[in-house]
Visitor: 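Right, I'll just put the structure down here and ask away after.
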Amino acid sequence: MKSIFKRFINWVKLRIYEILYVLLLMFLSSYIVVNWEKCITMKFFEQFDGNNILFLIWIVLFILPFYDVEAKGWKFRRKGIEDTRKQFENAENTFRQNQINNFRDDIQTQNSDEIDGGGSQ
């Protein structure tokens with residue numbers, strides 16, 4: 001049970017910014033939906049109550065993941081999927097190259113054993 005809890009804590013630590021982003025987006029979305037009429041009036045100078053700013057921030061939060069933005073270690077990257085795919089391809093290529101090298105080394109060892117073993121018989 002402690003192992004599961006530790007893994008969960010580590011997972012949360014690694015994804016704390018994404019979790020906070022989703023929570024902020026959820027709470028702000030619920031507020032915007034409940035106060036829709038007040039938020040879309042766009043009265044910045046007449047009777048400023050902050051709902052307009054919250055509405056604009058809500059829109060920015062929806063658009064933000066589509067652009068390359070970095071703030072305090074929190075990266076919103078549209079290209080993140082492409083970067084991850086390239087990392088997986090590089091890891092796969094490295095793994096395959098290691099397999100080929102190991103296979104070649106095994107064959108060379110096997111051949112040298114056969115040559116050494118065949119000459120002594």
Side-chain angles (χ1 to χ4, degrees):
M1 193 61 143
K2 286 185 178 183
S3 173
I4 293 171
F5 183 71
K6 285 182 182 180
R7 287 193 313 193
F8 177 74
I9 294 297
N10 289 335
W11 181 83
V12 168
K13 286 180 183 178
L14 289 173
R15 290 167 180 81
I16 188 70
Y17 291 114
E18 289 90 354
I19 293 168
L20 291 175
Y21 174 79
V22 170
L23 288 174
L24 176 66
L25 191 61
M26 285 177 16
F27 287 124
L28 192 56
S29 296
S30 64
Y31 180 81
I32 297 293
V33 168
V34 170
N35 299 305
W36 182 256
E37 291 299 323
K38 284 196 275 186
C39 291
I40 61 169
T41 58
M42 294 299 164
K43 294 180 184 177
F44 287 104
F45 299 109
E46 292 177 12
Q47 191 176 3
F48 183 76
D49 60 357
N51 288 315
N52 304 325
I53 298 296
L54 290 175
F55 181 70
L56 294 175
I57 291 172
W58 181 65
I59 291 173
V60 169
L61 286 175
F62 273 112
I63 296 172
L64 194 61
F66 295 108
Y67 296 97
D68 293 340
V69 177
E70 182 175 347
K72 292 188 179 183
W74 193 9
K75 296 179 182 179
F76 290 100
R77 296 192 63 129
R78 186 175 140 211
K79 298 178 200 172
I81 295 171
E82 295 171 10
D83 292 344
T84 303
R85 183 181 50 80
K86 288 179 184 177
Q87 288 175 353
F88 278 122
E89 286 176 0
N90 290 340
E92 185 179 7
N93 290 338
T94 303
F95 178 74
R96 286 184 182 172
Q97 188 62 42
N98 287 339
Q99 280 184 324
I100 290 170
N101 290 341
N102 290 340
F103 184 68
R104 185 190 64 224
D105 292 343
D106 289 344
I107 290 176
Q108 286 176 350
T109 304
Q110 205 174 33
N111 287 340
S112 67
D113 287 347
E114 288 176 5
I115 292 173
D116 291 340
S120 63
Q121 286 180 351

Visitor: Under a single-linkage definition using a 4.5 Å side-chain heavy-atom cutoff for Ile, Leu, Val, Met, Phe, Trp and Tyr, are Leu56 and Val34 assigned to the same hydrophobic cluster?
Guide: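 No: no chain of side-chain contacts under 4.5 Å links Leu56 to Val34.
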
Visitor: Could you walk me through whether Trp11 and Ile19 pass the side-chain contact (heavy atoms from CB on, under 4.5 Å) check?
Guide: CA-CA 10 Å; Trp11 181 83; Ile19 293 168; 3.9 Å; yes

Visitor: Mind checking whether Phe95 and Ile100 sit in one hydrophobic cluster, side chains of I, L, V, M, F, W, Y counted as touching below 4.5 Å?
Guide: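 Shared cluster, no.
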
Visitor: Kindly work out whether a path of hydrophobic side-chain contacts (I/L/V/M/F/W/Y, heavy atoms less than 4.5 Å apart) joins Met26 to Leu20.
Guide: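 Met26 and Leu20: one cluster.
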
Visitor: How long is the straight-line distance from CD1 of Ile32 back to CZ of Phe27, given to the nearest 0.5 Å?
Guide: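 So the gap between those two atoms works out to 14.5 Å.
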
Visitor: Check for me, please, whether Val22 and Val33 land in the same ILVMFWY cluster - side-chain distances under 4.5 Å, paths through other members count.
Guide: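 Val22 does not cluster with Val33.
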
Visitor: Working to the nearest 0.5 angstrom, can you tell me the gap between Ile9 CD1 and Ile4 CD1?
Guide: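 CD1 of Ile4 is found 13.0 Å from CD1 of Ile9.
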
Visitor: Is there a side-chain contact between Gln97 and Asn93 in this structure, where contact means two heavy atoms from C-beta onward sitting under 4.5 Å apart?
Guide: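 Not touching, per the 4.5 Å side-chain cut-off.
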
Visitor: By the definition side-chain contact (heavy atoms from CB on, under 4.5 Å), identify the one residue from Asn101, Asp106, Ile107 that meets it with Arg104.
Guide: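 Exactly one option meets the side-chain contact (heavy atoms from CB on, under 4.5 Å) with Arg104, and it is Asn101.
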
Visitor: Check whether Ile16 and Leu23 end up in the same hydrophobic cluster, where Ile, Leu, Val, Met, Phe, Trp and Tyr are linked by side-chain heavy atoms less than 4.5 Å apart.
Guide: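 Result: yes, single cluster for both.
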
Visitor: Evaluate Gln99 against Asn102 for side-chain contact (heavy atoms from CB on, under 4.5 Å), listing each step before the verdict.
Guide: CA-CA 5 Å; Gln99 280 184 324; Asn102 290 340; 5.8 Å; no

Visitor: Working to the nearest 0.5 Å, report the span between OG1 of Thr109 and CG of Asp105.
Guide: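 Rounded to the nearest 0.5 Å, the OG1-CG separation comes to 6.5 Å.
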
Visitor: Counting only heavy atoms not in Arg96, do more than 12 fall under 6.0 Å of its CZ?
Guide: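 Open: at most 12 neighbouring heavy atoms sit under 6.0 Å from CZ of Arg96.
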
Visitor: In Å and rounded to the nearest 0.5 Å, what is the CG to OG distance from Leu24 to Ser29?
Guide: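 Interatomic distance, Leu24 CG to Ser29 OG, rounded to 0.5 Å: 8.5 Å.
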
